[in-house]
Student: 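One structure, as structure tokens, below. Some questions next.
Excluded from the calculations below are hydrogen atoms, water molecules and symmetry mates; all remaining heavy atoms, backbone and side chain alike, are included. Quick note on labels: first sequence line is chain A, next is B, and so on, each numbered from 1.
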Protein chains: 2
Amino acid sequence: MTKILVYTKLEDTPQKQLVNGLADSTTIEFAVNLREEKVLQALSEATIVIGNAPVNHWNNPHNHVKFWQLDSAGFDQYKNLDLNFPIANMGDYYARNCAETIVTGLFSFYRGISDLVRLQKDKHWVGSKIRKQLQSIAGKKVVILGAGAIALYAREMLTAFGCEVILTARKNPEAEIHDKAELLKILPDTDAVINTLPGSAEKYVDSNFIEAMKNGSVYANVGRGNTTDEESLINALESGKLAGAILDVTEVEPLPVESKLWEMNQVILTQHSGGGDENEVSGKVNHFIKNVNKFLKAEQPDSLIDLNRGY
Amino acid sequence: MTKILVYTKLEDTPQKQLVNGLADSTTIEFAVNLREEKVLQALSEATIVIGNAPVNHWNNPHNHVKFWQLDSAGFDQYKNLDLNFPIANMGDYYARNCAETIVTGLFSFYRGISDLVRLQKDKHWVGSKIRKQLQSIAGKKVVILGAGAIALYAREMLTAFGCEVILTARKNPEAEIHDKAELLKILPDTDAVINTLPGSAEKYVDSNFIEAMKNGSVYANVGRGNTTDEESLINALESGKLAGAILDVTEVEPLPVESKLWEMNQVILTQHSGGGDENEVSGKVNHFIKNVNKFLKAEQPDSLIDLNRGY
């Protein structure tokens, strides 16, 4: 029997879905049902690990592990681990939803949806007065940081609304700009920046970057919170240098109640919900099943990663 | 000198823009500066009228009028007038903004933006809990009522997000469906309906229409408020038959404070702001100038309409 240890917390229905989907030649234990020492013992005996184990668990014996399936796209927290077996992440599983949320958030800013929702709460009809503060989406110049799946989906969506889109990435040939100095030169003529960067790009959007942005432009982040100098961002929003922000991620999550971002009406906080949807869990479990069964049949699992390479 | 009477209310800057843009061979009077009898006298002497005159003004002498430029796209209120000179509306001037707002509103519903804005007002981080109530936009089946400029823009936008889109219109060859019975047949398999109909399609969306819609589907209206039986819509929202609505227009505007729509969190009210943006007025005045100057040079103005044809 192949022993599988599952760290992902699942409700009854998806748990049954997972158990029923995996080959009969496996036994499955769920970490959530075990005391910690039992989890470590299960890890020492497991051949396959599913889900995002705590980093420090890997300091314990795990010499039977032959495959690890993460349940996230990001894996920055594991970058210093030295593990010698194949590891897969969720690949582009969340990418389309993330692109939908961040682009919808940006469009909501331009079309005043967040202000209109607040007006509705107060039963306050302002009618045509709000029209002057709306912006046409068509014609906006948008720079996307990154050229992965989220960026590619977002480019397609933005283009259909009449935006001009430029992708930037160090090496990815999908990007038009590969150099930060060149990027900084076009920022003064850019209406919106969408950040899709991984956590390895720490503080990529720093005070210099924000200073170079066009006055009255908008910043959106669906990458990782640590890629942005949040203090500089807040200053730029307070001064009016930036007209607004759409943040799916922040430096600290949950966002502390003291954060000034909560009270800014020009900010839309999507609370790291970008990747989600009503069918997310069953889809994720299907991905686990498919990838683990590939491994069991000695096929190559999808979305293999290199922990030290970054996203 | 060609006498021009302007009904459109303009602030100082766009008023100057209009005066400077029109040919030197014209004299311009603004109705807003005149007592009503003076307005009627100006109408009796005018060759060109700009803006939406009150319907009853046309019962008064106007036998010099040779061209009337409306400042709206809709002109339902004038449908019973019998006027024998060319009349132009604003054509598709508002169409792209309207499509941007109604599609953004629909996407905001699917991605939970309105709920997230309310959570932000309460500084309430729910994080991943909200993911279960989000829906992927990709794959949604959307029916658009109408096949005019708003519908065509909306189709392009929706398609880029991965929606399947069907247009319906009595005659327009851009539409796939031309028959209401056929339309009612596909509604049970439709996730969202976007209404772009003119006021001449009174109560097109009635209780039978709503009854035929899929349980849990969404209704969006950027056409005219009178095209929807609002009482049936509210009932369907209260019962959960419809999961939500995005309404740029309502039967009565401003929406009365007693309306149940205000308190429905599954409804997004955009307060007839769909056509607007920060550059709307200067763009509209440019359109006036261009079209009036065409008339003065004996060229055919753009967007000529037939009052009795409907939109």
Student: Which one wins on heavy-atom pair count under 4.5 Å against chain B: A/N279, A/V267, A/V281?
Tutor: A/V267

Student: Taking atom CD of B/E231 as the centre, does the number of heavy atoms from other residues, nucleotides or ligands within less than 6.0 Å exceed 12?
Tutor: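 Check fails, neighbour count at 12 or below.
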
Student: Please enumerate all residues that pass salt bridge (charged side-chain N to carboxylate O under 4.0 Å, His left out) together with B/E11, with sequence neighbours excluded.
Tutor: A/K132

Student: Let me know if B/K121 has heavy atoms under 4.5 Å from chain A in its side chain, its backbone, both or neither.
Tutor: side chain

Student: Which heavy-atom pair separates A/V117 from B/V117 by the least distance, and what is that distance?
Tutor: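 Closest heavy-atom pair between A/V117 and B/V117: CG1-CG1, 3.9 Å.
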
Student: Heavy-atom pairs under 4.5 Å with chain A are the metric here; pick the option from B/G162, B/G105, B/A160 that has the most.
Tutor: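 If we count pairs closer than 4.5 Å to chain A, B/A160 comes out on top.
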
Student: Does the side-chain contact (heavy atoms from CB on, under 4.5 Å) test come out yes or no for A/Y110 and B/T104, once each step is laid out?
Tutor: CA-CA 10 Å; A/Y110 284 136; B/T104 298; over 6 Å; no

Student: Let me know if B/L119 has heavy atoms under 4.5 Å from chain A in its side chain, its backbone, both or neither.
Tutor: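 B/L119 touches chain A through backbone and side-chain heavy atoms alike.
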
Student: Can you tell which part of B/I130 gets under 4.5 Å to a heavy atom of chain A, answering side chain, backbone, both or neither?
Tutor: side chain

Student: Determine the option with the most heavy-atom pairs under 4.5 angstrom with chain B, choosing from A/G274, A/S128, A/S273.
Tutor: A/S273

Student: So which atom in A/F161 and which in B/R96 form the shortest heavy-atom distance, rounded to 0.1 Å?
Tutor: O-NH1, 3.3 Å

Student: What are the two closest heavy atoms between A/E100 and B/I137, and how far apart are they?
Tutor: OE1-N, 2.8 Å

Student: Can you tell which of A/N97, A/I113, A/I268 has the highest number of heavy-atom pairs within less than 4.5 Å of chain B?
Tutor: A/N97

Student: Could you tell me which of A/G112, A/S136, A/G127, A/S259 has the largest number of non-hydrogen atom pairs under 4.5 Å with chain B?
Tutor: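 Of the candidates given, the most pairs with chain B belong to A/S136.
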
Student: With chain B as the partner chain, list the residues of residues 245-254 of chain A whose heavy atoms fall under 4.5 Å from it, by residue number, and write 'none' if nothing qualifies.
Tutor: A/E253, A/P254

Student: Would you indicate whether the side-chain heavy atoms of A/Q120 and B/Q271 approach each other to under 4.5 Å?
Tutor: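 With C-beta onward as the side chain, the pair stays apart.
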
Student: As an exercise, state the distance from CZ of B/R111 to CD1 of A/I102, rounded to the nearest 0.5 Å.
Tutor: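 Result: 11.0 Å between the selected atoms.
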
Student: Could you work out, with salt bridge (charged side-chain N to carboxylate O under 4.0 Å, His left out) as the rule, every residue matching B/D12, not counting sequence neighbours?
Tutor: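 Here no residue qualifies.
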
Student: Holding to salt bridge (charged side-chain N to carboxylate O under 4.0 Å, His left out), I want the full list of residues that pass it with B/K214, two or more places apart in sequence or in another chain.
Tutor: B/D191

Student: I'd like to verify something: which residue of B/M264, B/Q135, B/Q133, B/M157 has the highest number of heavy-atom pairs under 4.5 Å with chain A?
Tutor: B/M157

Student: Only pairs of heavy atoms separated by less than 4.5 Å count here; which of A/E156, A/H272, A/E280 has the most with chain B?
Tutor: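 It is A/E280.
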
